[in-house]
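Please read the structure below before turning to the comments.
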Amino acid sequence: MKLKLDENWTTNNGGYPLFDSEVERLVSVVPSEAQLLHAKTPFYCFVHFGMNTATGREWGNATETVEDFTIEKINPEQWVKAVKSSGAQGLILTCKHHDGFCLWNTDTTDFNVMNTALATDVVREVSRSCLKNGLKFGVYISPWDMHEKCYATERYNDFFCRQLSELLTDYGEIFEVWFDGAKGAEAKAFDYDWQRYYSLVRTLQPSANIAICGPDIRWVGNEAGKTRKCEYCVVSSTLTVAEIVAHSSQHAEEEASLLQSFTSKDEDLGSREALKNSLTLCWYPAEVDVSIRKGWFYPGGGNVKGAGRLFDIYLNSVGNNSFLLLNVPPNKKGVISFEDKNSLKKLGKKISAITSEPVIEQSFGELKATDGYLEFRFDSKKKLRYCVIEEDTAFSQRVEKFDLYLLSPSGNYRLAYRGTVIGMKKIIPLRGSSIGALLVIRQSRSAPVIKKLGFYL
């Protein structure tokens with residue numbers, strides 16, 4: 001095999017400039033401190049629980065009362081432990097869904113859990129269990145509210161900010177605030193005061209990242225666990241406009257199945273060609289939200305995804321420069337069902353096994369002009385299972401194309417993987433026996449900065 005080692009980022013750089021004013025513009029876009037910290041916990045879980053759990057719906061219908069919430073017992077400690085067993089590092093709770101029912105002791109409305117037979121501040125109990133078990137805690141709050149009478153009036157922005165303030169001041173440190181863009185087609189036209197919401201989060205929880213209808217983390221664009229081949233973090237700032245996200249979000253309960261598909265009409269969000277006419281750029285990594293069941297609330301259509309399917313989603317998201325938000329819905333008994341819990345536990349074992357047997361782990365920093373390719377030799381024949389590569393994204397996302405070769409025991413190189421972006425993390429499954437490896441970075445925006453590279457059995 002002709003490796004063409006002379007064709008790399010230090011020579012022709014894939015036919016693109018290595019250093020020019022446009023490259024400087026691209027690599028000047030870097031994550032905030034909060035976004036950098038978030039990259040250390042790329043996998044976390046959604047917990048959809050609330051009025052819909054009791055009624056068996058996915059969306060409310062604006063007729064619910066507190067009497068319809070018939071659940072009398074919950075076990076948040078079991079939720080948190082099930083989530084932690086999956087290898088997840090955080091939990092986001094649906095504190096208020098579109099039906100307007102609040103899972104905390106709020107002063108804003110009587111339509112809340114304290115006025116039910118459960119009479120328990122669910123947000124407090126879950127946040128306490130997260131703190132106890134070492135998980136980060138996040139909140140989901142739907143701007144669309146079917147129940148609140150002042151919705152679609154100027155008073156609603158005040159109302160919503162009061163709810164948001166309660167969640168951001170009474171429940172400890174929040175790592176992510178999730179604003180849903182979904183709104184029923186029949187909902188009254190109303191412009192949310194997004195900038196006021198964002199300012200409130202920045203003031204009360206400065207370390208929190210604002211997701212989906214927010215400026216810090218973008219929706220990947222589907223609920224099927226799919227990502228783009230090239231999932232860039234540096235994209236056009238127009239993607240952060242909340243109204244654009246809302247337009248692409250769900251507008252009816254029956255539209256949920258449409259989001260299980262994935263189209264490539266917006267496949268390229270971050271290449272040089274895609275960004276050359278974008279006046280402003282931002283660091284806006286993708287989050288993959290997907291449910292362990294078909295739907296978001298229990299029972300969610302049954303058919304719990306097995307650990308193998310969940311692991312494929314993990315490799316395709318966390319292993320492809322994205323965050324993974326996996327939904328796990330508690331049932332009417334207030335616990336996560338056995339099937340879900342079993343899949344989560346098996347998933348956790350698969351994730352921990354990725355890096356459990358290292359052959360080589362090495363840090364590099366900024367590569368030099370002599371580092372057009374990186375060569376590795378093992379102390380004996382190895383049956384590798386994974387290669388994991390991380391860029392130091394404090395210096396932006398730079399690598400655009402690379403090839404990974406494995407050296408067979410017979411002394412021949414074979415192409416194991418041909419990749420594009422690396423970013424926060426790239427996980428590459430491998431097969432066969434080898435005695436060495438070769439990483440050739442073919443194209444980059446300025447000199448690559450490799451934080452870590454490892455090969456694992």
Side-chain angles (χ1 to χ4, degrees), residues 31-32 34-35 38-39 41-48 50 58-59 90-98 136-145 160 163-164 167-168 174-184 187 190-202 205 207-228 231-233 235-252 255-256 258-260 262 266 269 282-291 296-297 313 317-318 321-327:
S32 66
Q35 288 171 318
H38 202 93
T41 55
F43 172 36
Y44 34 100
C45 284
F46 238 165
V47 171
H48 272 64
E58 281 291 296
W59 279 16
L91 182 155
I92 298 176
L93 177 67
T94 55
C95 303
K96 184 187 83 165
H97 205 253
H98 313 320
K136 294 188 174 185
F137 180 64
V139 297
Y140 164 115
I141 178 169
S142 171
W144 180 37
D145 190 321
F160 186 80
Q163 292 192 326
L164 186 58
L167 290 174
L168 299 181
I174 306 297
F175 87 103
E176 182 171 316
V177 178
W178 215 95
F179 289 138
D180 201 336
K183 184 198 298 186
F190 180 63
D191 293 328
Y192 304 127
D193 194 345
W194 290 112
Q195 295 307 316
R196 183 178 171 190
Y197 305 166
Y198 301 161
S199 178
L200 198 57
V201 176
R202 296 287 191 244
Q205 293 282 345
S207 296
N209 285 285
I210 308 171
I212 312 310
C213 282
D216 302 322
I217 299 172
R218 64 180 164 87
W219 181 40
V220 75
N222 66 89
E223 295 173 355
K226 304 291 186 182
T227 56
R228 297 162 183 81
E231 203 63 78
Y232 285 93
C233 291
V235 297
S236 171
S237 297
T238 58
L239 294 180
T240 67
V241 178
E243 289 78 7
I244 293 177
V245 179
H247 178 75
S248 301
S249 298
Q250 195 174 351
H251 297 287
E255 287 182 6
L258 299 178
L259 298 179
Q260 297 300 312
F262 177 70
D266 56 352
L269 297 180
C282 64
W283 186 269
Y284 202 32
E287 182 180 86
V288 177
D289 61 323
V290 61
S291 185
W296 293 92
F297 286 91
I313 292 173
S317 54
V318 174
N321 192 41
S322 302
F323 301 128
L324 173 58
L325 177 57
L326 174 64
N327 180 62

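Every value quoted in this text rests on a predicted model; they were computed, and no experiment measured them.
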About how many Å separate [atom2] of [Y] and [atom1] of [X], when rounded to the nearest 0.5 Å?
{"X": "K136", "Y": "S207", "atom1": "NZ", "atom2": "OG", "value": "8.5 Å"}
{"X": "I217", "Y": "W283", "atom1": "CD1", "atom2": "CH2", "value": "12.5 Å"}
{"X": "L91", "Y": "F175", "atom1": "CG", "atom2": "CZ", "value": "8.0 Å"}

What's the shortest heavy-atom distance between [X] and [Y], and which atoms?
{"X": "D216", "Y": "Q35", "answer": "O-NE2, 3.0 Å"}
{"X": "C213", "Y": "G181", "answer": "SG-CA, 3.5 Å"}
{"X": "I212", "Y": "R218", "answer": "CD1-C, 4.1 Å"}
{"X": "V290", "Y": "A224", "answer": "CG2-C, 4.1 Å"}
{"X": "P143", "Y": "W194", "answer": "CG-CH2, 3.7 Å"}
{"X": "L200", "Y": "L168", "answer": "O-CD1, 4.2 Å"}

Just wondering, do [Y] and [X] contact through their side chains at under 4.5 Å, heavy atoms?
{"X": "R202", "Y": "P215", "answer": "yes"}
{"X": "C45", "Y": "L325", "answer": "no"}
{"X": "I210", "Y": "F179", "answer": "yes"}
{"X": "V235", "Y": "T240", "answer": "no"}
{"X": "I141", "Y": "Q163", "answer": "yes"}
{"X": "L167", "Y": "I174", "answer": "no"}

How are the rings of [X] and [Y] set to each other: parallel, tilted or perpendicular (split at 30° and 60°)?
{"X": "W59", "Y": "H98", "result": "perpendicular"}
{"X": "W296", "Y": "H48", "result": "tilted"}
{"X": "F46", "Y": "Y140", "result": "perpendicular"}
{"X": "Y44", "Y": "F323", "result": "tilted"}

> Is the backbone N or O of D289 less than 3.5 Å from a side-chain atom of E223, with the two atoms forming a donor-acceptor pair by type?
Replying inline: no

> Does any N or O in the side chain of S317 come within less than 3.5 Å of the main-chain N or O of K226, such that one atom is a donor and the other an acceptor?
Replying inline: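 Such a contact is absent between S317 side chain and K226 backbone.
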
> Can you list the residues that meet the side chain to side chain donor-acceptor pair (under 3.5 Å) rule with S237, with sequence neighbours excluded?
Replying inline: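 S237: side chain to side chain donor-acceptor pair (under 3.5 Å) contacts with T280.
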
